[in-house]
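Here the structure comes first, spelled out in structure tokens, and everything after it is commentary.
Each chain gets a letter, A, B and so on, in the order its sequence line appears, and its residues count up from 1.
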There are 2 protein chains.
Amino acid sequence: MPKESTARERLLATAGDIFYREGIHAVGVDRLVSEAGVTRATFYRYFPSKDELVRAYLESEDVALRELFASAGAAVDDPAELLELVLQGIAADVSQHHTRGCPFINAAAEFPDAAHPVRVAVRTHRDWFEATLVEVVKAAGIAAPESVAHSLVLLRDAALVGSYLDGPDVVVPSFVETARTVAGISA
Amino acid sequence: MPKESTARERLLATAGDIFYREGIHAVGVDRLVSEAGVTRATFYRYFPSKDELVRAYLESEDVALRELFASAGAAVDDPAELLELVLQGIAADVSQHHTRGCPFINAAAEFPDAAHPVRVAVRTHRDWFEATLVEVVKAAGIAAPESVAHSLVLLRDAALVGSYLDGPDVVVPSFVETARTVAGISA
DNA sequence: TCAGGACCAGAACGATCATTCTACTTCAAC
DNA sequence: GTTGAAGTAGAATGATCGTTCTGGTCCTGA
């Protein structure tokens, strides 16, 4: 009953699944359309190219995280509590949801050209994430918020990658502890 | 004058360059052989498959880093000084040499199957690196060396990825500072 | 009723993929 | 002096790549 096309949504959802789990250059259009139950013609009706679907996939990941932050910000009043919630949220995401690394880092590994739309989407996401973290850290009244936010971005990258390659059990406690140290929060 | 084949060496060197700079699935055998000045027949004389060349590429990266650590260990006596040298070495490597991220992390992004030879090479490398860091940290007389070494592995992952995506100027100082904090070393 | 858009089914495009093959040259070793 | 390994050149394999096309079905809105 959706006025918005269901074929496009299925395509995007399928792409999100498969691109993340198996890589981007490794999966072809045939695979995508057959998995989404859609024909090639329909694919090219909604996306001018495969690259554009890749970009849309990253954009939807970006949107999902922004919404997560927005709802977390709305649910919590105390800024210090929000920071703690963010750290816990990252830890949970890394152990349960994003177990194959960071979609943006993985995509960047496959797209060396920084001017490519896919890389622009990565850049956009990282800029937003960094700026958002600066706000959260600043609101929590922590000194040198830019520097701390930088470190937290680094640590989240590391947590995502490390959880994929070494397992969350080793990495997540290390992430939480290091993040608290950097932010100057006592356990 | 080398008894050892020069064709194989050229192939491996070329693969190291191109795989790192452009990704793995993105470059074909045609490209590799033409860039190395070698024919397809010669390629398949030395490597049973492209995947095997990928594995050999990662192995050579692994060997290079082990040699770097070995020579650093031989050049320095004071364990605390060695740890500092390792941190500086990572910082330098990240800003000057490995500016397209971590070869192992990038490869893992393209090879989702943990049992694949390429992923086994990644596993081997990370196990060695972690164990080596534990030794260095322990020798420096730092408390909880396993935990600290874990954190340093994470931070190096983050520095490599972050330097690629955000630039070394932002990331390297953050890496050095956070690493010193984690290791309990004063500036 | 019928026009038009959304979608399906499937063939076809030229290009490129990894891999294998034949045929010829070069050179060192026995 | 000959055998054989190492290499070159380049065609050929079948599969898959991203993309386009033809033709038909279904459903909705005017």
Side-chain angles (χ1 to χ4, degrees), chain A residues 1-58 106-107 109-113 116-119 121, chain B residues 1-58 106-107 109-113 116-119 121:
Chain A
M1 229 142 294
K3 180 173 181 191
E4 190 67 16
S5 158
T6 174
R8 196 193 130 97
E9 288 164 17
R10 251 181 306 151
L11 225 20
L12 201 47
T14 306
D17 258 30
I18 309 193
F19 281 154
Y20 183 62
R21 291 210 318 265
E22 306 188 18
I24 294 171
H25 289 332
V27 317
V29 172
D30 283 22
R31 177 81 189 291
L32 287 166
V33 299
S34 83
E35 206 101 356
V38 157
T39 61
R40 274 180 287 280
T42 304
F43 179 104
Y44 283 99
R45 176 191 314 279
Y46 292 110
F47 302 97
S49 68
K50 183 194 170 188
D51 277 11
E52 185 53 30
L53 173 64
V54 177
R55 204 202 50 76
Y57 147 60
L58 290 181
N106 289 359
E110 298 204 52
F111 290 82
D113 178 9
H116 190 286
V118 165
R119 284 289 300 281
Chain B
M1 232 143 291
K3 178 170 184 196
E4 189 65 15
S5 159
T6 173
R8 196 194 130 97
E9 287 165 17
R10 250 179 308 151
L11 226 20
L12 200 48
T14 306
D17 257 31
I18 308 194
F19 281 153
Y20 183 61
R21 291 209 319 263
E22 306 189 17
I24 294 171
H25 290 330
V27 317
V29 173
D30 282 22
R31 176 83 190 289
L32 288 166
V33 299
S34 83
E35 206 100 357
V38 158
T39 62
R40 273 180 286 280
T42 305
F43 178 103
Y44 284 98
R45 177 191 313 279
Y46 291 110
F47 301 97
S49 68
K50 184 194 169 187
D51 276 11
E52 185 53 31
L53 174 63
V54 177
R55 205 202 50 75
Y57 146 60
L58 290 181
N106 289 0
E110 298 204 51
F111 289 82
D113 177 9
H116 190 287
V118 165
R119 284 290 301 280

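Terminal axes of the helix from C:dG14-D:dC17 to C:dC30-D:dG1 (five pairs each, C1' rotation axis) are separated by 10°, to the nearest 10°. Each end of the helix from C:dT1-D:dA30 to C:dA12-D:dT19 yields a helix axis from five base pairs, and these two axes differ in direction by 10° (to the nearest 10 degrees).
The CZ atom of B:R45 sits 5 Å away from the C1' atom of D:dA6 (whole-angstrom rounding). When rounded to the nearest whole Å, the span between CG of A:D30 and P of D:dT16 equals 9 Å. Across the protein-nucleic acid pair, B:Y46 atom OH and D:dA5 atom P stand 13 Å apart, rounded to whole Å. Atoms CZ (A:R31) and P (D:dG18) sit 12 Å apart, rounded to a whole Å. The distance from atom CZ of A:F43 to atom P of D:dG18 is 8 Å, rounded to the nearest whole Å. In this structure, the CG atom of A:L11 is 13 Å from the P atom of D:dG18, given to the nearest Å. Rounded to an integer number of Å, the gap from B:Y44 OH to D:dG7 C1' is 17 Å.
Annotation: side chain to side chain contact (heavy atoms under 4.5 Å, CB included) contacts of B:Y44 (sequence neighbours excluded): B:V29. Partners of A:R31 under the side-chain hydrogen bond (donor to acceptor under 3.5 Å, both in side chains) rule, at least two apart in sequence or in another chain, are A:E22, A:E35. Listed by chain and number, the residues in a salt bridge (charged side-chain N to carboxylate O under 4.0 Å, His left out) with A:R55 are A:E52, A:E59 (sequence neighbours excluded). Applying the side-chain hydrogen bond (donor to acceptor under 3.5 Å, both in side chains) rule to A:T42 yields the partners A:T39; only residues at least two apart in sequence or on another chain are considered. Residues meeting the side chain to side chain contact (heavy atoms under 4.5 Å, CB included) test with A:D51, sequence neighbours left out: A:S49, A:F111, A:H116.
DNA chain C is contacted by B:V27, B:G28 of residues 16-28 of chain B, taking any non-hydrogen atom closer than 4.0 Å. Contacts between residues 47-57 of chain A and DNA chain D, defined by a heavy-atom separation under 4.0 Å, are made by A:S49, A:K50.
Taking every heavy atom of both residues into account, A:F43 and A:L32 meet most closely at CE1-CD1, 4.3 Å. Here the shortest heavy-atom pairing between B:D30 and B:R40 reads OD1-NH1, 3.1 Å. Here the closest non-hydrogen pair linking B:E110 and B:H25 is OE1-N, 3.0 Å. Taking each heavy atom of B:G16 and B:Y57 in turn, the nearest pair found is CA-CD1, 3.6 Å.
Rounded to the nearest 0.5 Å, atoms CG (B:L53) and CG (B:L58) are 10.0 Å apart. If you take CG on B:D17 and CZ on B:R21, they are separated by 5.0 Å, rounding to the nearest 0.5 Å. B:L12 contributes atom CG, which lies 12.5 Å from atom OH of B:Y46 (distance to the nearest 0.5 angstrom).
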Nucleotide N/O to protein N/O under 3.5 Å, stretch nucleotides 10-14 of chain C:
residue	atom	partner	partner atom	Å
C:dA11	N6	A:R40	NE	3.3

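With hydrogens and angles ignored, the 3.5 Å screen pairs no side-chain donor or acceptor of B:R10 with any backbone N or O of B:V38.
When distances run from any side-chain atom of A:V29 to the nucleotides D:dA6, C:dC8, D:dG18, the shortest one goes to D:dG18.
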